[in-house]
Amino acid sequence: MKALQIPVVELPRETENLRREIRLFIQQKIDSGLIEPKCDSWLSGYSAEFSKDMGRRGWIGMTWPKKYGGGERPSIERYVVTEEMLAAGAPVAGHWIADRQTGPLLLKYGTEKQKHFFLPRIAKGECFFAIGLSEPNAGSDLANIQTRAMKVDKGWILNGSKTWTSGAHFSHYSIVLCRTSPQDPDNRHSGMSQLILDLKAPGVTIRPIHLMTGEHHFNEIFFDDVFVPDDLAVGEIGNGWAQGMAELAYERSGPERILSTYPLLNELTNILIEQGNTESLNKVSRLISRLWTLRNMSLGIAQLLEEGVPSNMIASLVKDMGTKFEQEIPEITRLLVSVTPSVNSESLIEKYLAQSILQSPGFTLRGGTSEILRGIIAKGVIQQ
Amino acid sequence: MSEMSELIIESTSKVFAAYSTKEVVNEAEKGIWANELWNKLAQYGIVTVAVPEELGGSGGDYEDALSIVRLASRFSAPVPLAETFIANWLLAEHGVAVTNEVLTIATETDGQPFKFYQEGNGWIVTGRAKNVPWGRFAKKLVVLGEASEGGALSVLNLEKAEIIQGNNIAGEARDQVVFNQVFIPECTIIPVDKIKYEERILYSCALTKSVMMAGALDNILEIAINYSKERSQFGRPIHRFQAIQHHLALLAGEAAAAGIAASYAIHSFQKNPVSKEIALAKLRINEAAGKAAPIAHQVLAAIGFTYEHILHHNTRRLWAWRDEFGKESDWEKVITKQLQKLEKNELWPLITGVKNNQKKVETR
Ligand SMILES: Cc1cc2nc3c(=O)[nH]c(=O)nc-3n(C[C@H](O)[C@H](O)[C@H](O)COP(=O)(O)OP(=O)(O)OC[C@H]3O[C@@H](n4cnc5c(N)ncnc54)[C@H](O)[C@@H]3O)c2cc1C
């Protein structure tokens, strides 16, 4: 089927040196005790210092124009950086959202002033963004958001709340999707807009929501008559839904939908090779064939997106299959080695296994649940 | 893919649609050779694609040929096209001119390797090959064996061979071919490194099978989608039910995964005919077959369980093909061998194809 055809990508030779440079960089950070690798590091591995360091090396905003602090590098290099970071379990959560979503959003819809102000700061690894979409009554059914902004002189007054906001406690800003006109039952996606919200603005309250592990990862944000100046509205007022959805394919098919538990797979492989455990390595080989396939799908979609080919459906496919794969790794690992998962363990595998098990429910929820994705995929193939 | 490919695919599609019909496929299962289909393929020069014109081929590259193989499997074409391709490529590589003859290739010799003794202007051949695809219909068999000087690749005329008929679960001919001191005049015997060629032939067969499976998976997805639009229950087409949508999404996922795995395997084959990509692809695509076939049957329910409906042309082939030229467990072992050679933290370099810095690897 045409819609499912994904191109073969041959990574340019130059990216090999980039990979080695990144690996050395991370290794040095680990050796000097500055970072501690972990599973799911793009959401739960936060280090402001590390983000700054990456910024200094030009590894954030890599593809953006130089005049906005970017590196004008090909998008395949950005892909290499992200997958190397994730495979190593490096703490990239700080800048992740800003680099992946906010930057491209502003490049496409932002004003010159917004671009000149935000993009260089993001690229330096000094300005972090949170995603302000979900609300208590708007999860999968995002169009049901109630947070609203009222037009006033020179800006907007924002009221309402957001929930499950990852990293709002360490982020500087959030892109908030809100209603700027009342809900229209005949056109559920109309009347929404995106505002850049300064998370330190008066009237903003951030409260932690602790994960089941007790960790502080996401938050509730309350808006109580928060003033947002006109020049912090993104793109067109009323076009927020379309603007937000355009980036979904990037969000759904990236390496972070495949590699969240990769550090565990690596450690498992290390141990089984050392043990000479061929039987169990065969199970790893099976996982590798899946990983190889998923990575090739993800790379191919990255290329399609670069060429401007709409890929929302196959991107959803990669997310659905990739996140299932991420969840499978701990399930298979625990049966192949006799270790006890514990987040405090001295042993890497026990720690990674614990992290993977405890983080895994989120993989198939965040960024659109598997159920929702399958609906998108099915509708996509039926329309063919 | 070369420039001619679009054209080839288009015209080949027409040939398959006209000559690899449901009836032809069903008849082949009863032992009737799809003569017209082969003749048309031969007439259009399709069976010698990726063989240079100087050697009697039609030109084009492996990717062209493998796109045709993929297409053929969508129509469940009951001819040894893949086997003929592989045989022709091997022969052309040794400067042997190719023809439009039906060829097949043996990979299993049941512990009884073929032996060739030169005598006068010919050779005396002894050997037994198992599961030879379409053996009874082929003119010649390509098989590895041993001559007095060592390993040899042979092209044996099947006229005097004993054929013991057999079938795989898709009803495709998988015959035993027995040579008992058969004298074959003017028979092609090419000295080769037998171990190396065994591996090459196995990988080539695994590659073509992977590609065929990707084609079959594509087709069962299409069948399932179309059926979900045509069939109504409870007053609406069944694709409106979320449970069916989820089946279709999972099926699409397996088809897409198989498609990309096959594409990478094809891509790698040009550079390395025994690449790890072929191993990974066959492994992943075998898995896809096992997951996808039951989903398609669930969507089509009773009608898909009948002989009348064509779904089984593809699903039975998928079940047969996943066991041919290496099951999951076989290819897992091949990958495991590569894993065992790794130093600590070298899995990622294996996956990315980029080695770590020589200088330093973390110590425990
Ligand atoms: C780790 C993590 C981080 C997150 N970070 C952020 C963030 O930074 N910013 C942000 O805005 N949000 C964030 N989210 C929220 C996330 O986007 C939502 O959890 C997700 O969209 C699902 O919404 P919900 O949790 O309200 O579940 P619901 O939508 O209530 O779903 C409950 C169940 O019903 C199913 N369901 C719902 N509708 C349908 C349907 N139409 N068909 C079939 N099944 C359906 C769902 O699949 C699910 O199984 C995060 C979530 C997690 C887990």
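Quick caveat: nothing in here was measured; it's all calculated off a predicted structure. Below, read A as the first sequence line, B as the second, and so on, with proteins coming before strands; counting in each chain starts at 1.
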Exercise for the section: Give a yes or no on whether B/Lys327 atom NZ has more than 12 heavy-atom contacts from other residues, nucleotides or ligands under 6.0 Å away. Expected result: no

Practice task
Output, in order, the C-alpha distance, side-chain angles, deciding distance and verdict of side-chain contact (heavy atoms from CB on, under 4.5 Å) for B/Lys341 and A/Ile273.
Solution key: CA-CA 8 Å; B/Lys341 290 186 212 142; A/Ile273 291 172; over 6 Å; no

Handout entry: B/Tyr264 versus A/Asn296, closest heavy-atom pair with distance
Key = CE1-CB, 3.3 Å

Practice task
Tell me, yes or no, whether the heavy-atom count around B/Gln270 atom CD, taken from other residues, nucleotides or ligands under 6.0 Å, exceeds 12.
Solution key: yes

Exercise for the section: Give a yes-or-no answer on whether the side chains of B/Glu277 and A/Trp292 include a donor-acceptor pair shorter than 3.5 Å. Expected result: no

Handout entry: Region of B/Glu254 that comes under 4.5 Å of a non-hydrogen atom in chain A
Key = both

Problem - Shortest non-hydrogen separation from A/Ala378 to B/Ala249 and the atoms involved - result: N-CB, 4.4 Å

Completion exercise
Comparing A/Met313, A/Lys283, A/Glu83 against chain B, the one with the most heavy-atom pairs below 4.5 Å turns out to be A/Glu83

Problem - Exam field: side chain A/Tyr262 to backbone B/Trp348, donor-acceptor pair closer than 3.5 Å - result: yes

Exercise for the section: For each of B/Lys282, B/His247, B/Glu332, B/His267, tally heavy-atom pairs with chain A at distances under 4.5 Å, and name the one with the top tally. Expected result: B/Glu332

Practice task
Tell me, yes or no, whether the heavy-atom count around A/Arg13 atom CZ, taken from other residues, nucleotides or ligands under 6.0 Å, exceeds 12.
Solution key: no

Exercise for the section: Report yes if some heavy atom in the side chain of A/Thr278 is under 4.5 Å from a heavy atom in the side chain of B/Lys333; otherwise report no. Expected result: no

Problem - Side-chain H-bond candidate by donor/acceptor type, B/Thr352 with A/Arg23, under 3.5 Å - result: yes

Practice task
Would you mind reporting whether B/Leu221 and A/Leu4 have side-chain heavy atoms less than 4.5 Å apart?
Solution key: yes

Handout entry: Interface moiety of A/Val9 toward chain B, non-hydrogen atoms closer than 4.5 Å
Key = both

Problem - Between B/His246 and A/Glu371, a side-chain donor and acceptor under 3.5 Å - result: no

Practice task
Output the distance between atom OG (A/Ser289) and atom CD (B/Glu328), rounded to the nearest 0.5 Å.
Solution key: 9.0 Å

Problem - Donor-acceptor side-chain pairing of A/Ser285 and B/Thr336 below 3.5 angstrom - result: yes

Fill in the blank from the handout: So, the part of A/Leu259 with a heavy atom under 4.5 Å from chain B: the answer is side chain

Handout entry: Side chain proximity check, A/Lys379 to B/His239, heavy atoms < 4.5 angstrom
Key = no

Exercise for the section: Mark yes when over 12 heavy atoms from residues, nucleotides or ligands other than A/Glu307 sit less than 6.0 Å from its CD; otherwise mark no. Expected result: yes

Handout entry: Side-chain ion pair, A/Glu10 and B/Lys271, N-O less than 4.0 Å
Key = yes

Completion exercise
From the list A/Leu294, A/Asn266, A/Ile6, the residue making the most non-hydrogen contacts under 4.5 Å with chain B is A/Asn266

Exercise for the section: Could you please spell out the steps behind the side-chain contact (heavy atoms from CB on, under 4.5 Å) verdict for A/Arg290 and B/Glu287? Expected result: CA-CA 9 Å; A/Arg290 292 186 197 147; B/Glu287 183 175 278; 2.8 Å; yes

Problem - Sidechain N-carboxylate O distance under 4.0 Å for A/Glu16, B/Lys355 - result: no

Exercise for the section: Check whether any side-chain heavy atom of B/Leu250 sits under 4.5 Å from a side-chain heavy atom of A/Asp320, and report yes or no. Expected result: yes

Handout entry: Engaged part of A/Leu291 at the chain B interface, taking heavy atoms whose separation is under 4.5 Å
Key = side chain

Exercise for the section: Please tell me if the side chains of B/Leu347 and A/Ile288 come closer than 4.5 Å, counting only heavy atoms from C-beta onward. Expected result: yes

Practice task
Answer whether the closest heavy-atom distance between the side chains of A/Asn270 and B/Asn345 falls below 4.5 Å.
Solution key: yes

Practice task
Please flag which part of A/Arg286 lies under 4.5 Å from any non-hydrogen atom of chain B: side chain, backbone, both or neither.
Solution key: both

Exercise for the section: Heavy-atom distances under 4.5 Å only: say whether A/Leu281 touches chain B with side chain, backbone, both or neither. Expected result: both

Exercise for the section: Measure B/Ile351 against the heavy atoms of chain A and call it side chain, backbone, both or neither at under 4.5 Å. Expected result: both

Fill in the blank from the handout: Applying a strict 4.5 Å limit to non-hydrogen atoms, the region of B/Ala281 in contact with chain A is both

Problem - Best-contacting candidate, B/Gln242, B/Gln338, B/Arg284, against chain A by heavy atom pairs under 4.5 angstrom - result: B/Arg284

Exercise for the section: Name the member of B/Val354, B/Asp218, B/Ile335 that forms the most heavy-atom pairs with chain A at distances under 4.5 Å. Expected result: B/Val354

Completion exercise
Here the gap from A/Asn282 atom CG to B/Lys337 atom NZ, rounded to the nearest 0.5 Å, amounts to 10.0 Å

Problem - Heavy-atom side-chain contact between B/Leu248 and A/Ile382 under 4.5 Å - result: yes

Problem - Straight-line distance of B/Gln340 CD to A/Thr269 OG1, nearest 0.5 Å - result: 12.0 Å

Exercise for the section: Mind listing the closest non-hydrogen atom pair of A/Thr293 and B/Ile260 along with its distance? Expected result: CG2-CG2, 3.8 Å

Handout entry: chain B contact via A/Met321 - which portion, at a heavy-atom distance below 4.5 Å
Key = side chain

Fill in the blank from the handout: Pair count under 4.5 Å, heavy atoms only, with chain A: among B/Ser263, B/Ala255, B/Gly259, B/Ala257, highest is B/Ala257

